[in-house]
Amino acid sequence: MELTVRIIDLTYKVENGKAVIYLFCVTPDGQRVCVRDSTMAPFFWAEGVDSEKLLRLKTAEGWITDVRQEERKLHGVKKKLCKVFANMPKSIPVLSRLVKDQLGAIVYENDILFTRRYLLEKNLFSHKEVVAEGEWIASGLSVPLFEASVVRNGGDNKLGVPRLLALDIETYDSRGRIEPDKNPILMLGLVGDSFRKVVTWKRFSTEDKDIEFVTDETALLLRFKELLDMYQPHMICGYYSDGFDLPYIKKRADVLKVTLNVGLDYSPIFIPEGDDAARITGIPHIDIFKFVKKIMGRSMETEVFSLNAVASELLGEKKHDVDLDMLSKVWDSDPEKLEVYAQYNAQDAALTYKLCRHLWTNMEEFVTLIGLPIETVTRMSYSQLVEQYIFRQAQKHGELAPNKPDDAEMEKRTRMRLKGGFVYEPTPGLYHKVVVLDFRSLYPSIIISHNISPSSFRCSCCPQSHNTVVIAGEHYWFCENARGFLSAILEDVVTKRAQVKKMMKDVSGDEKKLLTSRSEALKLLSNSFYGYLGFAAARWYSFESAEATTAFGRQYIQSVITHAQDTGFSVLYTDTDSIFLQLGDKTKEEAKQFQNAINETLPDMMEMEWENFYPHGIFVALKGALGGAKKRYALVDEKGNMKIRGFETVRRNVAPIAKEVQENVLRIILKEGDVKKAAAYIRQTIKDVGQRKVEKEKMIIFTQLQKDIKQYESISPHVAAATRMQAKGIDIGRGSFISYIVGNGAGKLRDKVKLPEEAGEYDANYYITHQIIPAIGKIMEVFGHKAEDFQNDESQSDLSKFWS
DNA sequence: ACCGGGCGGGG
DNA sequence: GTGTACGCCCGGT
């Protein structure tokens, strides 16, 4: 019979000396089943050795079972190879080493995980339809088992919405230390589809029917298994559950000698070394933290990936505000107060559940793009995603995967330094009628247009090619006849994305969300190709390709600069892929004509886009800053929107008054074009601050403690504030938010720090010289003002009256 | 500038 | 599991 299912997880076992694949699957109606396939043998490739010799090779555990002659390409070059089959996956590293060392052969693809090899060889994709031919057999698993003689790709239909369960635990902790061997799990929160539960083992009165009491920690662990068996999740998720929740649960089960055989094959939770994926056989586990940090983080605002920060940004929802450091004390001596902690626990699980749902389409798009299981894909870095994607395509094209670099090669590669994009430094000043144009996806489009690939680099057929770029006096050219493998793949990704974007125009709702996620996944993938080429550990590493990509990029932007100047535009600033033009006497229409003219000279894949037109903008010098010139400008468009880059307005540890003054100064200059008014406004504000007419609230500096108070060597203002908070009985540690005011008084800054509620008068002089002046100084210097102009005038003498 | 080491998340 | 994260920040030189 035939069975149509979607793979969600897979593993292999050795049975009677043979590797057997177990595919954990979901049927179209949501049943969990397992498909067993014992038809594939592990193999690797060998070059430069004959079959006879190979077949004689044998070790105690491993031997070669078969050798077949086949042809494959490496970087486009055809090779005659031996496909070497072995008795077991684990024999592969041993045997391939012997083949290399004793027989002098070159070996390829001898480090491919067996489950990945299986999916590649059979062209199967996780979460997409697969068809198995075979029959149901007696199952030793907790789900039905199907023995397959054939498993094949069933098309592009995808997994429906899976049954999901989020988990979170609260633990006893002794003075902030996590000691799973000593301290028990106090609460277990589970949230699923119309499912919510907190299990705990100390009784307190509550109205919440989702809170369930058990006798002790052992009972809590057993209840966890029961609930898993009852709910039958397709997947489970947690927040940093690879590094905390699941290892903790596993450890407690070991300590208490509880059999926690939650795997669908009755195996226990598997915790690897380090903080890699915690696994439950047959139930994929997603660590939301990992996926957010590695993949989604790039397109997010937050720099902190705590559950609270991530949930706030993505869901607009926060964790419950409870004092977690008190949990252990409350547990010991005041259990009636435990309810808030149970609610906190449930909320954490709920946020994790919602995040997983929110990010589902993003995760699934990557899964169906790469084809590997969700458990793997959600933990991969960009370069791994690119590599796995290339690997899958290589298979289709009969291309071998190049070997990973050895230690010596790695070292060599890490020392290489890439020259980046071209920056045309702006002259500080106020500018009017600024047009910004930028290249759409500059690097991907260059790689495609110039056929940049290891296989097309310095081909022998077109040395006179005009597809050449010169780097340090050397000619780099790429073939004009044969399509390079990597650039062809990348073109395919970009083309797919264009199709998806086209489709997006005609749909809405869930379908639109799906296509948006697909487009984002394809964009992230295509934008990562360039970085991948220069990534030291990459199989398809090509420093020349990476170098050529940035070199062509510099060439393009420089030619745009020249062209712009020849056309009579004044170039203000450029960086890598964007150019800022001053219109002067010219019109926007002429700038558009210029843009069109540039586009006519560009290859098809490349395009200069109209970013925006800005009536006014200022550019500020950044002398003395580390790392050379940085973007520091402010522009205002016709709708009045300000585009501000590189000013400290965004920084947290600056007083609101300084942010306010800076924003207002930029607004007055950009929108009203009145520098005198801005200067007058600054003088007035400084005067007001000097006379303390500006309210205290605007002087509160807000920051976060990066480590525990004791660990600070020097007492900076925020540490002094933290110490004061601690003295008041507030529990302060790493991550605590600190707010303070610099008060009037003598001595060092740290002696003047006051908490907002205890502060009397603020130190006006400090706020003027250390907050306001730095925020506007660089801007006003552009207009010939010196910082002292604002400090030495009458406001300062007014201020002096208040000095004691 | 260049490196070596340590950390993130969780309680 | 046919393995050995990775990128950033800090402090020292």
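By convention in this document, chain letters (A, B, ...) are assigned in the order of the sequence lines, proteins followed by strands, and residues within each chain are numbered from 1. Keep in mind it's a predicted model, so treat the numbers as computed, not measured.
Atom C1' of nucleotide dG9(B) and atom CG of Leu324(A) are separated by 14 Å, given to the nearest angstrom. For Lys83(A) and dT2(C), the NZ to P distance is 17 Å, given to the nearest whole Å. Rounded to a whole Å, the CG atom of Asp348(A) is 10 Å from the C1' atom of dG10(B). Distance Leu400(A) CG to dT2(C) P: 19 Å, rounded to the nearest Å. What separates CG of Leu246(A) from C1' of dG9(B) is a distance of 14 Å, to the nearest Å. Rounded to whole angstrom, the span from the CD atom of Glu61(A) across to the P atom of dT2(C) amounts to 16 Å. With rounding to whole Å, Phe391(A) atom CZ is found 11 Å from dT2(C) atom C1'. Look at NZ on Lys18(A): it is 17 Å from P on dT2(C), rounded to the nearest Å.
Within the nucleic acid shown, Lys293(A) comes within 4.0 Å of at least one base atom, counting heavy atoms only. Among the atoms of the strands shown, base atoms are found under 4.0 Å from some heavy atom of Phe114(A). Here Lys319(A) lies in heavy-atom contact (under 4.0 Å) with sugar-phosphate atoms only. Across all strands shown, Tyr382(A) has no heavy atoms under 4.0 Å from either base or sugar-phosphate atoms. Arg117(A) comes within contact range of at least one nucleobase, with a heavy-atom separation under 4.0 Å. Among the protein residues, Ile169(A) comes within range of the sugar-phosphate backbone only, with heavy atoms under 4.0 Å from sugar or phosphate atoms but none that close to a base. As judged by a 4.0 angstrom heavy-atom cut-off over every strand, Asp323(A) is placed among residues making no nucleic acid contact.
The side chain of Asp276(A) lies closest to dG3(C), out of dG9(B), dG3(C), dT2(C). Among the nucleotides dC6(C), dT2(C), dG1(C), the one closest to any side-chain atom of Lys90(A) is dG1(C). Proximity note for Ile92(A) (side chain, C-beta onward) versus dC6(C), dT2(C), dG9(B): the nearest is dT2(C). Closest to the side chain of Phe270(A), from the set dG1(C), dC6(C), dT2(C), is dG1(C). Relative to the side chain of Ser381(A), the nucleotides dG9(B), dC6(C), dT2(C) differ in distance, and dC6(C) lies closest. For Pro89(A), taking side-chain heavy atoms from C-beta onward, the closest of the listed nucleotides dC6(C), dT2(C), dG10(B) is dT2(C). When distances are taken from the side chain of Lys404(A) to each of dT2(C), dT4(C), dG9(B), the shortest belongs to dT4(C). When distances are taken from the side chain of Phe244(A) to each of dT2(C), dG10(B), dC6(C), the shortest belongs to dG10(B). Distance from the side chain of Leu113(A) is smallest for dG1(C) among the nucleotides dG10(B), dC6(C), dG1(C).
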>> Could you go through Arg357(A) and Tyr353(A), starting from their C-alpha distance and side-chain angles, then the distance that decides it, and tell me whether this counts as side-chain hydrogen bond (donor to acceptor under 3.5 Å, both in side chains)?
In response: CA-CA 6 Å; Arg357(A) 279 273 174 264; Tyr353(A) 173 85; 3.2 Å; yes
> Please walk me through it: do Met235(A) and Leu164(A) pass side-chain contact (heavy atoms from CB on, under 4.5 Å)?
Replying inline: CA-CA 5 Å; Met235(A) 297 177 196; Leu164(A) 181 70; 4.1 Å; yes
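Checking each of Val262(A), Ile271(A), Leu220(A), Ile185(A) against Ile249(A) for a side chain to side chain contact (heavy atoms under 4.5 Å, CB included) leaves exactly one that passes, namely Ile185(A).
Of the nucleotides present, dG11(C) is the one that pairs with dC3(B) by Watson-Crick or G-U wobble criteria, both distances under 3.5 Å. Across all strands shown, dG10(B) forms no Watson-Crick or G-U wobble pair with both distances under 3.5 Å.
Crowding of Asp406(A) atom CG: a count of heavy atoms from other residues, nucleotides or ligands under 6.0 Å exceeding 12.
Phosphate proximity of dT2(C) to Tyr12(A): present, with a side-chain N or O under 4.0 Å from OP1 or OP2.
Qualifying side chain to side chain contact (heavy atoms under 4.5 Å, CB included) partners for Pro373(A), counting only residues two or more places apart in sequence or in other chains: Leu10(A), Leu119(A), Ser126(A), Thr376(A).
In this pair, Tyr12(A) and Phe114(A) present their aromatic rings perpendicular. The plane angle is above 60°, beyond the 30 to 60° band.
For the P atoms, the distance from dA5(C) to dG10(B) is 23 Å, rounded to whole Å.
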Contacts under 3.5 Å, N or O only, protein and nucleotides 2-4 of chain B:
none

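Interface remark: the Asp168(A) side chain does not form any donor-acceptor pair with the dG10(B) base, using a distance-only criterion of under 3.5 Å. Tyr240(A) contributes a side-chain N or O that forms a donor-acceptor pair with the base of dG9(B) under 3.5 Å.
Between Met296(A) and Val310(A) the shortest side-chain heavy-atom distance does not fall below 4.5 Å.
Base orientation of dG9(B): syn, since the glycosidic angle falls within 90° of 0.
When all heavy atoms of Asn403(A) and Val107(A) are compared, the closest pair comes out as ND2-O, 2.9 Å. Nearest heavy-atom pair across Glu61(A) and Asn87(A) is O-ND2, 3.1 Å. Closest approach of Leu324(A) to Tyr344(A), counting heavy atoms only: CD2-OH, 3.5 Å.
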